[in-house]
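Keep in mind that this is a model prediction, so the values were computed, not measured. Residue numbers start from 1 in every chain, and the chains themselves are labelled A, B, ... in the order their sequence lines are given, proteins ahead of strands.
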Amino acid sequence: MTPPAQQQLFDDDPLPWELAAEEDVECAEVVFNRPMEQAFSYLVPEAWRGKLRAGQRVRCPFGRGNRPLTGYCVGFSRPKNTGKLKSLLEVIDREPLLNQHMLDLTQWIGERYLCSWGQALNTIIPAGVKNYAGTRMRTYFSIDEEALARVGETNLPTKQAAVIAALRAAKEPLQSKEIEQSADCGSGPVNGLKNKGILRVTRRRAATSPPSTDAVEREQDLTLNPEQLTALEKILQPLRSQKHETLLLHGVTGSGKTEVYIQAIREVVSYGRQAIVLVPEISLTPQTIRRFESRFDSVAVLHSHLTDAERHRQWKLISSGNVQVVVGARSAVFAPTTHLGLIVIDEEHETTFKQETTPRYHAREVARQRAKMAGIPLILGSATPTLESYARARRGIDQLITLKKRVSDLPLPPVSAVDVRNDPRCVSGSGIGRAIQTAIRAAVEDGGQVILFLNVRGHSPVLWCKACGEGIKCPNCDITLTWHKDRHLAMCHTCEFAIDPPKTCPRCGHAAVRYFGIGTQRLEEEVAAKFPRYKCLRMDSDTMRKRGSYETALDAFRKGEVQILLGTQMIAKGLDFPNVTLVGVIDADTILHQPDIRAAERTFQLIAQVAGRAGRSSKGGRVLVQTSSPDEPAIQFATAHDYVGFVHAEIQHRREMQAPPFWHLARVILRGLIDDEVVEFSNSMATVLRKAAEESDLPVRLLGPAPAPIMKLNKFYRHHFQLAAEQAETIQKLWRSVATKLPKSSNVEYVVDVDPLNMR
DNA sequence: AGCACGCCGACT
DNA sequence: GTCGGCGTGCTC
């Protein structure tokens, strides 16, 4: 890739006398962590010429005041006239932080996600790498043999001779402390030798603490069933011919996708190459990590709970080429591997692969681009692939591989929708309807375990005034407060706001505040009241605050100390408990009724994923889904385990709606403290874009502006509009063409979300 | 994004 | 007459 075309400052031809000097003038192309498209050229000082490499950070005088600013060297150029260029001040890194592949990838991210190259670079390099966390500059001593020979080794005092002997024995430069220890002396002899010039002094970075290494017991690869073997064969083809291809591995829950990945990685490792495995943060559990560590010699793990120093160490380890497999969450797609051979994305449909801050990249798309640039395969695995991925496979752009059977040869559990519209208990406000209650009783009395899923935390999600009929909202947000009985607080789930529950309505003053709706806390009470003889455990982000509590809770469930596990999203994925014979979805409609084009898709995914937790042993199992919309296609197809049927229906709907995956979207979200200002600004911004689209004849639709679904968030009023086009590049082109002409405001800020998943 | 330059309102 | 408001445009 070539650096972005920079503004041509010097288009006059060079004078003859300038040419000679130019021969050895090298300019560094530098990008900054600022929303500026261009790269800037700087002269490289003599001392650095030929040594500076792309991927290193440099300090540069910037702007009229020549204030020093850190930038990334992304390449070199030889401008015709260098007269007006400034010189860079300093090179920050001894070694490039990134290789050329990653530079190219970050440039692509900038283009694709509408931010600058510098911003993309800055966000993908971990803070711990940028500040060399966990290392210190240390002084090392080695013998200057010539100087020693001049003095004569035999003429040295005993202690100094011991120092020389210690260094000889070590065969590598040592720190003063280390010498003192092995020569059994103080710092005197070392300093003495240093002052005589016999010891050479070098300064370099070293880790402050040695890495902890707990050995993991090695395990053999499992035997694949015929279906898995066929899948593996299909993956090995592009792997062996070293070409890029995306393979969508659609396998039902429990079909053994991970084992297929592992054996594909085994092949990659045998070529001396590395693999990256991306998993959603939530499934980055010790079990998952152990699963990989027990199969490969060197596994690096990247997750959000690493300290800066640990992350830095992992990054260095990976970039030294001494790691076979990198397992990590979203950002691990940027792991600086030296010879990447394969990328795997497990649970491809998970929304956590989308970053919600600039650049708002999707790890799947970044992985696709990285794999394409590196000429290697990409595997996407899921029991419920996104429509985006499935549509590509159906059109033959990607290869579809299907695993229809569970490895254990056990059937998928029967799933039934329970219509709660006429259930007396649910109508009167209970979470657990008749059918689920009967099923729970049967399951626990039979010695089985139960998982209950409810996607609402807290006790009651709605505080409501009976007198004026209004929900009680957060003063900072357009969100009703949730009653948290355990902490005795009415809380806002989108900002930090929490108050003692109001006894009187803040609007009309009547003492008529009622609590409505069911959250996990209330469900827990209900279960405890209905099944007092059985132990119930609640898992949501309120009870899972402490580090390790997740593992402790799951351990208790695994050991059978707990019979009923209830919780939010976090218990929907990946858990494998053979003794679970019943899974209950308390309310399938919460997601279904969201004003989001993907509401049906998410509902289907959720039911399919939750259902996958049941029937994982010969004891069998069943799934009950409470809903008020039993006729909704998403629910019907989910109860029939009919992914393909659902997708075909939904894809038709998306086509008609001109929605993804047929159309690409970019969402512009604007916010400010004064509503009118935000309205006015979004209108003027949309007008500029609409006009530019018309004049340039680019086929882009502009939808909106309109108030965002959450109109007020954290005191900010929010509005948004969308750009839609059949080609992602069309939106990029339009945006690029107007980027400098967009209006500016000091009171309204905005972000662009390319391929948005979260529409709130 | 910063930051400087520049052109119009309420103060010594 | 000047201090300072934030609109505009540039940064190698």
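Summarising the geometry, the separation between OH on Tyr42(A) and P on dT11(C) is reported as 11 Å, rounded to the nearest angstrom. For the pair Lys741(A) NZ and dG9(C) P, the interatomic distance rounds to 12 Å; values are reported in whole Å. If you take NZ of Lys744(A) and C1' of dC3(B), they are 11 Å apart, rounded to a whole angstrom. Look at CZ on Phe76(A): it is 19 Å from P on dC12(C), rounded to the nearest Å. With rounding to whole Å, Gln38(A) atom CD is found 11 Å from dC10(C) atom P. In this structure, Phe40(A) atom CZ and dC12(C) atom P are separated by 7 Å, rounded to whole Å. One atom, CZ of Arg34(A), and another, P of dC12(C), lie 11 Å apart when rounded to the nearest Å. Nucleotide dG9(C) holds its P atom 18 Å from the CD atom of Glu37(A), rounded to whole Å.
Residue Phe62(A) is in base contact, counting any heavy-atom pair closer than 4.0 Å across all strands shown.
Counting heavy atoms from C-beta outward, Lys86(A) and Asn66(A) have side chains that approach closer than 4.5 Å.
Dashed line: the shortest gap from a side-chain N or O of Arg67(A) to OP1 or OP2 of dC3(B) is under 4.0 Å.
Sequence order on DNA chain C of the closest nucleotides to Phe32(A) and Arg64(A) puts Arg64(A) first from the 5' end.
Between His362(A) and Phe353(A), the ring planes are tilted. Angles from 30° to 60° get that label.
No donor-acceptor distance shorter than 3.5 angstrom exists from the side chain of Asn714(A) to the backbone of Phe716(A), with no hydrogens or angles considered.
In summary, the side chains of Glu310(A) and Thr307(A) do present a donor paired with an acceptor at a separation below 3.5 Å, with no hydrogens or angles considered.
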